[in-house]
Amino acid sequence: MSEFIPSFEHKKIEKKWQDEWYNFDYFKAIDFSDKEKYYSLVEFPYPSGIGMHIGHIRAYLSLEVISRKRRMEGYNVLFPIGFDAFGLPTENYAIQTQIHPRKITDNNIKIFKKQLKSAGISFDFSRIVDTTDPDYYRWTQWIFLKLYEHNLVFKDKAYVNYCPSCQVILSNEESQGGKCDRCGFDVVQMEKDVWFLKITEYANSLLEGLKDLESNSRIRSEQEKWIGKSVGANLHFPIKDSDKNLEVFTTRPDTIYGATFMVIAPEHPYIKEFKSRIKNLDEIKKYQEQAKHKTEFERLELAKDKTGVKIKGLKAINPISKAEIPIFISDYVMITYGTGAIMAVPAHDTRDYEFAKKYNLDIVEVIKGGNIEKEAYTDTETGELINSPVINGLSVKDAIDKIIKIIKKEKIGEEAIQFRMKDWAFNRQRYWGEPIPIIYCEDCGIVPVPYDDLPVKLPYIEKFTPSSTGESPLANIDEFVNCKCPKCGKDAKRETDTMPQWAGSSWYFLRYMDPTNNKEIASKEKLDYWGKVDWYNGGMEHVTRHLIYSRFWNQFLFDIGVVPNKEPYKKRTAQGMILGADNEKMSKSRGNVVNPMEIIDEYGADTLRTFVLFLSDYEMSTPWNEDGVKGARRFLDKIWRMFPKVNQSTTYTLDLERDIHLTIKGVDEDIENIKFNTAIAKMMELVNLYNKQTEITKADYEVLLKILYPIAPHLCEELWRKLGHKELLVFESYPNYNPKKLVKEEIELVLSINGKVRDKVVVENNLSKDKLKEIALESEKIQGYIKGKEIIKTIVVPNKLVNIVVK
RNA sequence: GCCGGUAUGGUGGAAUUGGUAGACACGAUGGAUUCAAAAUCCAUUGCCGUUAAAAGCGUGUCGGUUCGAGUCCGACUACCGGUACCA
């Protein structure tokens, strides 16, 4: 101990322990171990060329800390990592540089692995999955074929969002606000053959499954809203002088007497169906044409300004009141939601109200309580039905119940449920993705590739630029396109579209359980052993799309008997974003990006880890603050420098005992509640106490190393070894606290007058209320305040305070 | 528009069931050490006030409940995130 280096040499020490951990596979998860299993999952990264972002570090650290702690607690921990490597950025970069995406991806993965290790994250690197590996995407294709087999895949012509800049078809989610998610270019509408996955079939099941997911309310409600369940009724409005009905969906069947007109979407099939009867067909067609060419942006901009055309020659009949009412065509009704037609109740729906005002249509009040001269009255809690013969006087809720009974009896409608969630558009016209395993045969039509022929491998090509027709680059590769029909053997052609980026990530958590299996996605035994993901952490931005897609695939695999659990995740948390020092989102263009590797190089991985966790509440977004890094480093140095004053005693220093037990308890609770910032603050407080002692015991020091280990493992390993231990901290037992040792013998009693603190005295713990009151009145300061005043009342909170109310 | 979240010192942020607001850290100031600096250590650090104290003020704004409110209730403002004519 004589030659002691006053600051820990992070470069040397961190490298030493990383080599030890990774070379000897200390973090390897053991299949079928007798220990209880724990599966911690973090969202696998897209291996971009810039390498790791500070956000990755924060995202992984929560479960990194939990995983290290769980190992100490005796669990067999599966904490895997992989790469979601298909996708546009790599492909665009490939086009730019003429380097093959395979090469780029391999290189990026290599960089990422190295960086993850230099941060000391305790991943099981033996289980890496790479979605672009044919041994992996073979099973992605396999699941697609299974979905196809179970009629959950269909092909349809659809207007799709197309980005002329990326030359790629986008999902609704990727083209929000009419802008391309990737490049920001204006999205245009384009008719295409599109593969869909029928996720809507699982809508209800996905909603129900949320009940079993442990997560905060925000995570749950975003998913709920995305699924968007509405309960109401389908009503049949007869078209006058025909045997057809106009079907509408409504959540407010109680307002049927107030339905003064109907509105159908511009794309509604009845325009064609009744074209011979429509007197102003030209005008209608013109409107349809306009609606089609409105960009998303215009539709949003003009959202308030309703437009539409009355369909002349066509009338609907209100099936309850028998009133004849006009039908309009307007783009405020969407063909993609419900039945593409509505009954408009202007008195009680804001949109219908605006439309009625603009076109001077009747507004009939059927619920009392608002002022329909001014605005639509949409309250459903307090109103009472009027002008509605069969349901007058009822509340909205009762009226809905009663009217549904009536319409069912009269066969003019039925209860119905609608979801806002749409089927999942499942193809891209790009090269760098999983080929869709489908063959087109002139005689046999669409033929799925036989399971034995999987994987359909991506051919190694030189030119990845998409064709100007919007077709995949694969369409130009004859050797890929031309094949034999698996059914009849005749010449046939392959599907050239590839899967969207969400495909590979929809089941990767299953593959980790058995990453090299070449017979199944994973063996039944391993799926059973590892079971559900115990804790899944990732970004808030993936709570809707990725989480729902992957739950959908898992539920499907459960339904066909492939996986043992209907829901894949037990618990889900999400980290907050780290913003730039300027409080703006980090981005290259703003120049506020923090490179974690630079911090590791200068201050070390332990410092980075400690600081990122200390920065703020884990779930909140927060600006980066370079200065704070020094504070974290100082904290670790203090612990390092303390080493020479450690004595050989194996019991806690008496003066520190209570604080040690308190800290163990607090740190444990904080970590489990992902309050890493306060956990670290508590350890800092303990270290400050240690520093005040001239000597500390080996026991004092060891317990600190153990509770700090999950956060700053390199430093703790090194000091642990310096204490003479032969074994690593990895599987040392996590410390327990003794509740009896938490009791304080003396407490500080606060004395206040009228709620204002006037004095503080140290008294024995657990004194009676009367005794505390007595003590309070004895205080000189208190006496000064109550002199000449009347004591109205005294409140005593045992072990806390005495408040005297005077007048 | 609707749905969430947030608002606390110069800064990042703490605060258990309503019970000492500002833990912990950064920064700053003063001092020790040093030839000097860095590092380290000690002290101070919400505002106002004072020689020092006391008193007073203080958790986005306004109001309320309470012996007592950062915390509960009502109204509002700003910022962030989600969503967008969803019938």
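Letters go in sequence order (proteins before strands), and every chain restarts at 1. Everything numeric here is computed off the predicted structure, so don't read it as measured data. Every heavy atom of this structure was used, including side-chain atoms; hydrogens, water molecules and symmetry mates were not.
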Base, sugar-phosphate, or nothing: which does [X] touch, judged by heavy atoms less than 4.0 Å apart?
{"X": "A:Tyr785", "value": "sugar-phosphate"}
{"X": "A:Met620", "value": "sugar-phosphate"}
{"X": "A:Asn677", "value": "sugar-phosphate"}
{"X": "A:Asp352", "value": "nothing"}
{"X": "A:Thr678", "value": "sugar-phosphate"}
{"X": "A:Val757", "value": "sugar-phosphate"}
{"X": "A:Arg633", "value": "nothing"}
{"X": "A:Arg420", "value": "base"}

Looking at [options], which one has an atom nearest to any side-chain atom of [X]?
{"X": "A:Ser230", "options": "B:A87, B:C24, B:G13", "result": "B:A87"}
{"X": "A:Arg758", "options": "B:A87, B:G56, B:G12", "result": "B:G56"}
{"X": "A:Pro623", "options": "B:G82, B:A23, B:G12", "result": "B:G12"}
{"X": "A:Ile795", "options": "B:G19, B:A25, B:A55", "result": "B:G19"}
{"X": "A:Asp331", "options": "B:C26, B:C85, B:G82", "result": "B:C85"}
{"X": "A:Ser616", "options": "B:G19, B:C85, B:G13", "result": "B:G13"}
{"X": "A:Glu685", "options": "B:C24, B:A87, B:G68", "result": "B:C24"}
{"X": "A:Thr250", "options": "B:A87, B:C67, B:C41", "result": "B:A87"}
{"X": "A:Lys756", "options": "B:G56, B:U83, B:G12", "result": "B:G56"}
{"X": "A:Arg641", "options": "B:C41, B:A87, B:G12", "result": "B:C41"}

Any sub-3.5 Å donor-acceptor pair from [X]'s side-chain atoms to [Y]'s backbone N or O?
{"X": "A:Asp617", "Y": "A:Glu619", "value": "yes"}
{"X": "A:Arg758", "Y": "A:Ile782", "value": "no"}
{"X": "A:Asn765", "Y": "A:Lys744", "value": "yes"}
{"X": "A:Asn592", "Y": "A:Ser587", "value": "yes"}

How many Å lie between [atom1] on [X] and [atom2] on [N], as a whole number?
{"X": "A:Met577", "N": "B:G81", "atom1": "CE", "atom2": "C1'", "value": "8 Å"}
{"X": "A:Lys675", "N": "B:G12", "atom1": "NZ", "atom2": "C1'", "value": "16 Å"}
{"X": "A:Asp617", "N": "B:A23", "atom1": "CG", "atom2": "P", "value": "18 Å"}
{"X": "A:Leu689", "N": "B:C24", "atom1": "CG", "atom2": "P", "value": "10 Å"}
{"X": "A:Leu751", "N": "B:G68", "atom1": "CG", "atom2": "C1'", "value": "15 Å"}

Does a distance-only test, which skips hydrogens and angles, find a donor-acceptor pair under 3.5 Å between the side chain of [X] and the base of [N]?
{"X": "A:Lys306", "N": "B:C85", "value": "yes"}
{"X": "A:Lys760", "N": "B:U20", "value": "yes"}
{"X": "A:Glu748", "N": "B:U20", "value": "yes"}
{"X": "A:Asp627", "N": "B:C26", "value": "no"}

Using the [atom1] atom as the point on both nucleotides, what is the distance between [M] and [N], in whole Å?
{"N": "B:C3", "M": "B:A55", "atom1": "C1'", "result": "48 Å"}
{"N": "B:C47", "M": "B:A23", "atom1": "P", "result": "13 Å"}
{"N": "B:G19", "M": "B:G10", "atom1": "C1'", "result": "30 Å"}
{"N": "B:C24", "M": "B:C57", "atom1": "C1'", "result": "26 Å"}
{"N": "B:G56", "M": "B:G60", "atom1": "C1'", "result": "23 Å"}
{"N": "B:G63", "M": "B:A14", "atom1": "C1'", "result": "28 Å"}
{"N": "B:C41", "M": "B:U51", "atom1": "C1'", "result": "29 Å"}
{"N": "B:U61", "M": "B:G70", "atom1": "C1'", "result": "15 Å"}

| task | Step by step, work out the salt bridge (charged side-chain N to carboxylate O under 4.0 Å, His left out) result for A:Glu222 and A:Arg218. | result | CA-CA 6 Å; A:Glu222 278 196 17; A:Arg218 187 171 163 217; 3.7 Å; yes
If you compare every side-chain N and O of [X] against the phosphate oxygens of [N] (OP1, OP2), does one of them come in below 4.0 Å?
{"X": "A:Asn688", "N": "B:A25", "value": "yes"}
{"X": "A:Ser752", "N": "B:U20", "value": "no"}
{"X": "A:Arg634", "N": "B:U40", "value": "yes"}

| query | Does A:Phe261 have its ring centroid less than 6.0 Å away from the ring centroid of A:Tyr359? | reply |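 Distance test on ring centres: not under 6.0 Å, no.
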| Salt bridge check: are A:Glu365 and A:Lys374 linked by an N-O gap of less than 4.0 Å? | no
| Step-by-step side-chain contact (heavy atoms from CB on, under 4.5 Å) determination, A:Leu210 to A:Arg551 | CA-CA 10 Å; A:Leu210 287 176; A:Arg551 290 179 51 229; 3.3 Å; yes
| How does RNA chain B look in dot-bracket form if you count Watson-Crick and G-U pairs under 3.5 Å, write [ ] for pairs that cross, and put | where a base pairs with another strand? | (((((((..(((......[....)))((((((.......))))))((........))..(((((..]....))))))))))))....
| Conformer about C1'-N of B:G9 - syn within 90° of 0, anti elsewhere | syn
| said: Among A:Leu385, A:Val396, A:Ile367, exactly one meets side-chain contact (heavy atoms from CB on, under 4.5 Å) together with A:Thr255. Which residue is that? | reply: A:Ile367
| field | Over 12 non-hydrogen atoms of neighbours within 6.0 angstrom of CD in A:Gln693 | value |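 Atom CD in A:Gln693 is packed in, count exceeds 12.
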| task | Report the relative orientation of the aromatic rings in A:Tyr549 and A:Trp226; use parallel for angles under 30°, tilted for 30 to 60°, perpendicular for over 60°. | result | perpendicular
